[in-house]
Peer 1: 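Dropping the structure in here first, questions after.
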Amino acid sequence: MDRFMERAVELAVQNVKEGGQPFGAVLVKDNEVVAEGVNELHKTYDVSGHAELLAIRRAQKKLQTLELSGHVMYASGEPCPMCLTAMYFAGIDEVYYCQPVEEAVDAGLGKSQFVYEELKKQKEDRELKFRRIPLEEGQENPMKLWKQ
């Protein structure tokens, strides 16, 4: 097994032993570890406290950048849609994972699969309801302000 994946799995195992979920992540650039993370939901009560997101946050803070092109993510489990989206936004080039989402479902951690299925649906068919409230006449437009 690749040494970075081995480290991601090691982090996940240690996290389970400490009461957390079985997820670890290692972010690498030029064959060097830039940042690591484990799911910290049990510590922070923050649903965004996933291993991959924490590794991304730590790398961006350390490097003082939003752009992580040239970086590779090693994750013990297949990334959830939230983490995958963050990787796209950060510009991460590659993702390697060890255990697929189906194994997470078998372990009782099935929200990722549910969200992946929800994202395939039209907005109006999803369980989480989306309703648009347009800007009012004369209201300042934040998108136009940003564009300027």
Side-chain angles (χ1 to χ4, degrees), residues 2 4-5 7-9 11-12 14-15 18-105 107-148:
D2 178 281
F4 299 121
M5 184 59 72
R7 176 66 180 152
V9 172
L11 288 167
Q14 187 60 40
N15 200 45
E18 294 175 3
Q21 293 181 345
F23 301 104
V26 178
L27 189 60
V28 175
K29 184 172 184 181
D30 299 328
N31 224 23
E32 294 291 327
V33 173
V34 176
E36 297 179 337
V38 296
N39 274 37
E40 294 184 0
L41 284 70
H42 64 295
K43 293 179 182 177
T44 62
Y45 301 98
D46 173 2
V47 296
S48 71
H50 288 202
E52 300 91 336
L53 283 178
L54 293 173
I56 290 168
R57 288 177 188 155
R58 289 172 181 145
Q60 289 176 327
K61 185 174 183 178
K62 176 181 176 180
L63 302 172
Q64 293 292 290
T65 185
L66 297 175
E67 178 59 38
L68 295 175
S69 59
H71 288 72
V72 178
M73 181 68 74
Y74 291 83
S76 63
E78 185 173 352
C80 76
M82 176 175 60
C83 293
L84 182 61
T85 300
M87 289 183 233
Y88 273 109
F89 280 133
I92 291 171
D93 293 340
E94 287 183 274
V95 179
Y96 295 95
Y97 66 93
C98 189
Q99 296 184 282
V101 70
E102 293 81 12
E103 289 185 36
V105 170
L109 300 163
K111 286 193 178 184
S112 292
Q113 186 175 38
F114 169 76
V115 175
Y116 274 123
E117 293 301 318
E118 282 285 289
L119 291 173
K120 293 177 185 176
K121 298 176 184 176
Q122 296 296 315
K123 287 180 193 172
E124 60 272 7
D125 296 330
R126 294 179 187 157
E127 285 194 30
L128 180 61
K129 300 303 175 203
F130 281 73
R131 293 177 178 84
R132 181 172 180 248
I133 300 175
L135 292 172
E136 293 187 14
E137 179 93 20
Q139 191 173 10
E140 192 168 20
N141 184 322
M143 295 294 178
K144 284 185 181 178
L145 184 62
W146 170 257
K147 192 175 176 181
Q148 294 170 1

Peer 1: Can you measure from CZ (Arg58) to CG (Leu63) and round to the nearest 0.5 angstrom?
Peer 2: 14.0 Å
Peer 1: Quick one: does Pro22's side chain get under 4.5 Å of Leu109's, heavy atoms only?
Peer 2: yes
Peer 1: Output, in order, the C-alpha distance, side-chain angles, deciding distance and verdict of side chain to side chain contact (heavy atoms under 4.5 Å, CB included) for Phe4 and Val72.
Peer 2: CA-CA 10 Å; Phe4 299 121; Val72 178; over 6 Å; no
Peer 1: Are side-chain N/O atoms of Thr65 and Glu67 paired as donor and acceptor at under 3.5 Å?
Peer 2: no
Peer 1: Using a 4.5 Å cut-off on heavy atoms from C-beta on, say whether the side chain of Ser112 contacts that of Glu78.
Peer 2: no
Peer 1: Which atom names give the shortest non-hydrogen contact between Gly37 and Ala55, and what distance separates them?
Peer 2: N-CB, 4.1 Å
Peer 1: I'd like to know if the side chain of Glu36 and the backbone of Val26 have a donor-acceptor N/O pair within less than 3.5 Å.
Peer 2: no
Peer 1: Is there a side chain to side chain contact (heavy atoms under 4.5 Å, CB included) between Ser48 and Arg57? Walk through the geometry before answering.
Peer 2: CA-CA 11 Å; Ser48 71; Arg57 288 177 188 155; 2.9 Å; yes
Peer 1: For the pair Asn15 and Asn39, evaluate side chain to side chain contact (heavy atoms under 4.5 Å, CB included) and give the outcome as yes or no after the intermediate values.
Peer 2: CA-CA 7 Å; Asn15 200 45; Asn39 274 37; 4.0 Å; yes
Peer 1: Of all the heavy-atom pairs spanning Pro79 and Leu84, show the shortest one and how long it is.
Peer 2: CB-N, 4.3 Å
Peer 1: Look at the side chain of Ser76 and the backbone N and O of Gly24, then say whether any donor-acceptor pair between them is shorter than 3.5 Å.
Peer 2: yes
Peer 1: Give the intermediate values and the outcome of side chain to side chain contact (heavy atoms under 4.5 Å, CB included) for residues Leu68 and Gln60.
Peer 2: CA-CA 8 Å; Leu68 295 175; Gln60 289 176 327; 3.8 Å; yes
Peer 1: Answer with yes or no whether the side chains of Glu118 and Tyr116 bring together a donor and an acceptor at under 3.5 Å.
Peer 2: no
Peer 1: Short question: side chain of Asp93, backbone of Gly70 - any donor-acceptor pair under 3.5 Å?
Peer 2: yes
Peer 1: Salt-bridge test for Lys111 and Glu117: reply yes if a basic N is under 4.0 Å from a carboxylate O, no otherwise.
Peer 2: no
